[in-house]
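Single-structure report; data block below.
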Amino acid sequence: MPQVKSLNYLNNIMAKVEAIQANALEAVMLNEQGYVAECTGDNLFLLKNGTLLTPLISDGALDGITRAVIIELAEKLGVPFKECSLTRYDIFTADECFLTGTAAEVIPVVALDRRIIGTGKPGPFTARFIEAFHELAMSTGTPFA
């Protein structure tokens with residue numbers, strides 16, 4: 001449970017090691033029911049048919065600050081938003097995907113398990129969120145990263 005700050009990152013570290021061994025930059029972590037929870041140090045967002053989707057906190061997603069900022073930005077940008085249980089299939093069939101985190105800020109994802117997501121390039125919604133995030137950080141003088 002990422003809501004419990006136990007400082008035990010062994011699962012995350014093991015997943016990151018597996019990702020590196022597979023020549024991947026990040027790993028998607030699933031909960032005990034097989035739903036997407038988060039990545040090893042980042043929250044995951046998908047865009048599907050113009051709606052921004054992210055895993056439920058109850059599915060194991062960390063209720064992080066950057067995640068909350070992206071949810072607020074979705075409202076400001078007029079992008080419909082929904083928290084829901086997600087599967088790997090949802091990622092494979094997404095139009096766009098990006099990760100968020102304190103250090104990561106907003107980073108595009110273009111493939112999962114060597115399967116191309118969307119066009120295989122960062123999409124226009126992801127670009128809007130990156131721009132809006134940086135504008136917010138600059139306007140408030142608050143470094144989120």
Side-chain angles (χ1 to χ4, degrees), residues 1-5 7 9 11-31 34-145:
M1 290 295 296
Q3 291 75 24
V4 176
K5 278 293 190 185
L7 299 178
Y9 294 105
N11 286 341
N12 301 63
I13 292 167
M14 290 174 62
K16 187 69 167 188
V17 167
E18 286 184 34
I20 291 167
Q21 289 174 342
N23 292 321
L25 298 174
E26 186 55 270
V28 173
M29 298 179 68
L30 308 178
N31 67 17
Y35 290 114
V36 173
E38 59 182 357
C39 293
T40 64
D42 310 298
N43 287 104
L44 184 135
F45 287 86
L46 304 177
L47 282 138
K48 182 113 179 175
N49 300 321
T51 299
L52 183 66
L53 308 172
T54 198
L56 294 160
I57 299 300
S58 60
D59 280 344
L62 178 64
D63 193 11
I65 295 168
T66 309
R67 178 183 186 272
V69 169
I70 293 299
I71 292 168
E72 288 177 22
L73 288 174
E75 185 177 338
K76 289 180 184 174
L77 294 171
V79 176
F81 169 73
K82 181 179 177 186
E83 290 178 274
C84 57
S85 294
L86 298 171
T87 65
R88 289 178 33 177
Y89 179 79
D90 293 315
I91 300 172
F92 294 144
T93 60
D95 300 318
E96 298 181 38
C97 179
F98 62 85
L99 307 179
T100 65
T102 302
E105 294 183 353
V106 181
I107 48 176
V109 177
V110 296
L112 173 65
D113 293 341
R114 296 181 180 85
R115 294 184 189 192
I116 299 297
I117 297 170
T119 64
K121 296 180 182 174
F125 280 94
T126 300
R128 285 175 61 197
F129 279 100
I130 291 170
E131 182 180 343
F133 184 86
H134 288 152
E135 285 177 10
L136 179 62
M138 297 299 285
S139 70
T140 62
T142 304
F144 293 106

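- P108 and F98 get closest at one heavy-atom pair: CA-CB, 4.1 Å.
- Partners of R115 according to the salt bridge (Lys or Arg N to Asp or Glu O under 4.0 Å) rule, which considers only residues two or more places apart in sequence or in another chain, do not exist here.
- Between F133 and V69 there is a side-chain heavy-atom pair separated by less than 4.5 Å.
- Contact annotation: the side chain of I117 never approaches that of V110 to less than 4.5 Å [non-hydrogen atoms, C-beta and beyond].
- Considering D95, T93, D90 in turn, T93 is the only one that fulfils the side-chain hydrogen bond (donor to acceptor under 3.5 Å, both in side chains) rule with K48.
- With contacts defined as side-chain heavy-atom distances shorter than 4.5 Å, the pair R88/D113 qualifies.
- Residues satisfying the salt bridge (Lys or Arg N to Asp or Glu O under 4.0 Å) criterion with E83, sequence neighbours excluded, are R67.
- No side-chain heavy atom of T66 sits less than 4.5 Å from a side-chain heavy atom of N43.
- I70 is not listed as a side-chain neighbour of F81, based on a closest heavy-atom distance of 4.5 Å or more.
- The minimum heavy-atom distance linking V28 with L44 is given by the pair CG2-CD1, 4.2 Å.
- Across all non-hydrogen atoms, the minimal contact from S139 to L136 is OG-O, 3.1 Å.
- For T87 (side chain) and Y35 (main-chain N/O), no donor-acceptor pair under 3.5 Å exists by modelled atom type.
- Side-chain contact between D42 and T100: absent, with no pair of heavy atoms (C-beta onward) separated by less than 4.5 Å.
- The number of heavy-atom neighbours closer than 6.0 Å to CG of L25, taken from other residues, nucleotides and ligands shown, is 12 or below.
- The shortest distance between side-chain heavy atoms of L86 and I91 does not fall below 4.5 Å.
- The closest side-chain heavy-atom distance from F129 to V79 is below 4.5 Å.
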